[in-house]
Amino acid sequence: MDLDERIERRRRGESERALVRDFDVLSPVTHLAEPNGRGPVLERLLDVLDPTFDGQLPGDAYVWGPKGAGKSAVVSALFGLLSEQNSRRRSTILTTTRAVAPPTTVFVYVDARYATSEFALYHDILDSIVEESVPEGGIGTADLRDRLHDELTGSTQAVVAVDHLNEFDTFSTAQVAELLDMSSVAYVAIGRDPPPSASDSPGETIAVDVDETVEVPRYEPHALVDLLTQRASLGLARGALSHPDIREVASWADGDAHDALAAVFGAADHALERGADRLTTADLEPGMEAVPWQSVSLGRVLALPENRQRILLRLLDLDAAAVSSVTAATDALTADPRVGLSATTVKRVLYELAEAGIVKRVETEGDSGLGRPPSRLEPQFPTRVFRRLVDLSGGD
DNA sequence: GATCCACGGGAATACACGGATG
DNA sequence: CATCCGTGTATTCCCGTGGATC
């Protein structure tokens with residue numbers, strides 16, 4: 001995933017002639033260090049963060065936009081760079097003999113998909129601020145919070161970006177605002193929902209009380225084509241994907257880089273399966289086919305605990321009869337020793353995943369008579385990408 | 001001993017249907 | 001005809017237990 005690894009792979013001469021050089025580059029969960037075509041957003045973010053260049057604390061901000069618009073890509077790249085630069089600058093400040101150093105700003109990027117509890121949130125933030133390792137248990141949440149608070153007084157302040165808010169199972173912006181309500185902390189909340197506008201009815205809008213909002217619009221068609229072109233040139237053999245094909249995927253994806261990359265990934269997977277050395281238009285169809293309409297972010301699926309992913313992986317292998325009801329799927333999955341969980345747990349997890357929108361329950365038509373009708377299970381994430389990525393890392 | 005968290009078990013509730021009841 | 005009831009599934013909800021960590 002990181003550059004070192006990528007270079008090393010090349011050095012070993014791996015898959016030099018193969019159709020797919022590197023699936024990771026094609027993966028929608030991978031963000032390149034230099035995000036593509038998001039210049040104006042970057043400028044806006046720098047405006048928001050401008051006070052930090054004078055040692056001030058910026059206002060809280062909310063970054064929003066649809067799935068696949070590059071929110072995570074831009075913010076994580078920017079924060080990565082800033083924290084790198086600052087740690088460099090911090091070391092130079094330490095060597096100068098100054099009576100009072102201006103407060104140092106640390107930039108922290110946290111993914112709320114992984115930090116799902118208060119404990120985990122404080123832990124992850126603290127972990128990227130201090131050198132020592134932070135305990136992962138056996139200590140109270142309040143203690144962690146206190147420690148974070150102590151760490152950020154006077155000489156050090158923090159700007160914390162918290163990504164993927166307001167999803168099922170992740171914190172809301174309001175919760176983050178409360179949890180990070182500390183004098184030396186500013187946050188950049190990132191989510192999909194538009195901020196409530198003045199004209200909104202006073203309904204159940206998600207409370208966002210921030211000083212700045214930054215909109216990340218979906219990609220323009222040409223920008224998405226550029227992005228795909230770049231990824232394809234890095235991840236696929238030279239000329240493996242034609243320009244017209246790229247344009248077709250881009251237009252199909254309608255500005256959503258996540259879906260577009262997932263489709264190209266899936267197409268490459270399909271071409272690989274049939275032993276081809278380049279992608280043809282015929283590979284695109286199955287590639288797009290494997291990306292459900294209104295697909296759930298692959299990042300959400302890959303953030304699930306390992307055993308949930310195991311269940312999903314095996315679920316993909318089941319035939320139509322076995323996924324025709326939750327109970328049938330449970331039976332089939334429980335019978336598979338690779339799943340290794342009890343029937344009740346599997347069933348509960350399946351319902352859990354359905355409620356989270358990762359699989360969809362569809363009421364079956366054919367009424368078999370008795371009882372409440374069962375529902376069929378349909379995956380709502382890019383299946384080919386998931387299978388391939390999990391198989392790559394999973395082992396077994 | 002304290003703390004966080006995942007498992008697992010199972011009770012409680014919801015729903016669909018046909019048939020009985022008033 | 002409207003409503004209630006019994007049966008069989010599906011779905012949701014809650015909580016005790018135990019592993020891992022400090």
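We name chains A, B, ... by the order of the sequence lines, and we start the count at 1 in each one.
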Value in whole Å for how far the [atom2] atom of [N] lies from [atom1] of [X]:
X	N	atom1	atom2	answer
A/Asp124	B/dC4	CG	P	15 Å
A/Glu132	C/dT21	CD	P	20 Å
A/Leu304	B/dA6	CG	P	11 Å
A/Leu377	C/dA10	CG	P	12 Å
A/Glu136	B/dC5	CD	P	11 Å
A/Tyr122	B/dC4	OH	P	13 Å
A/Asp169	B/dA6	CG	C1'	13 Å
A/Arg376	C/dT9	CZ	P	21 Å

**Request:** Considering just the side-chain nitrogens and oxygens of A/Ser117, establish if one lies under 4.0 Å of OP1 or OP2 belonging to B/dC4.
**Result:** no

**Asked** Does C/dT11 have OP1 or OP2 sitting under 4.0 Å from an N or O in the side chain of A/Ser375?
**Response** yes

**Prompt:** Less than 4.0 Å between a side-chain N and a carboxylate O, is that true for A/Arg314 and A/Asp317?
**Reply:** yes

**Item:** side chain to side chain contact (heavy atoms under 4.5 Å, CB included) assessment of A/Arg231 paired with A/Asn36
**Value:** CA-CA 10 Å; A/Arg231 294 282 193 123; A/Asn36 218 315; over 6 Å; no

**Message:** Just by distance, no angles: are the side chains of A/Asp163 and A/Ser72 close enough, under 3.5 Å, to form a donor-acceptor pair?
**Reply:** yes

**Request:** Check the side chains of A/Thr327 and A/Ser325 for a donor-acceptor pair under 3.5 angstrom, ignoring hydrogens and angles.
**Result:** no

**Message:** The side chain of A/Glu363 is closest to which nucleotide in this list: C/dT21, B/dA16, C/dA10?
**Reply:** B/dA16

**Message:** Side chain of A/Arg372, heavy atoms from C-beta onward: which of B/dC4, C/dC22, C/dT11 has the nearest atom to it?
**Reply:** C/dT11

**Message:** Does anything in residues 342-361 of chain A come within less than 4.0 Å of DNA chain B? Heavy atoms only, and list the residues if so.
**Reply:** A/Ser342, A/Thr344, A/Thr345, A/Arg348

**CA sep, side-chain torsions, deciding dist, call: A/Ile129, A/Val108, side chain to side chain contact (heavy atoms under 4.5 Å, CB included)** = CA-CA 8 Å; A/Ile129 290 181; A/Val108 182; 4.0 Å; yes

**Complete:** On a heavy-atom basis, the closest approach of A/Arg145 and A/Tyr122 is NH1-OH, 2.6 Å

**Set of side-chain hydrogen bond (donor to acceptor under 3.5 Å, both in side chains) partners for A/Arg247, sequence neighbours left out** = none

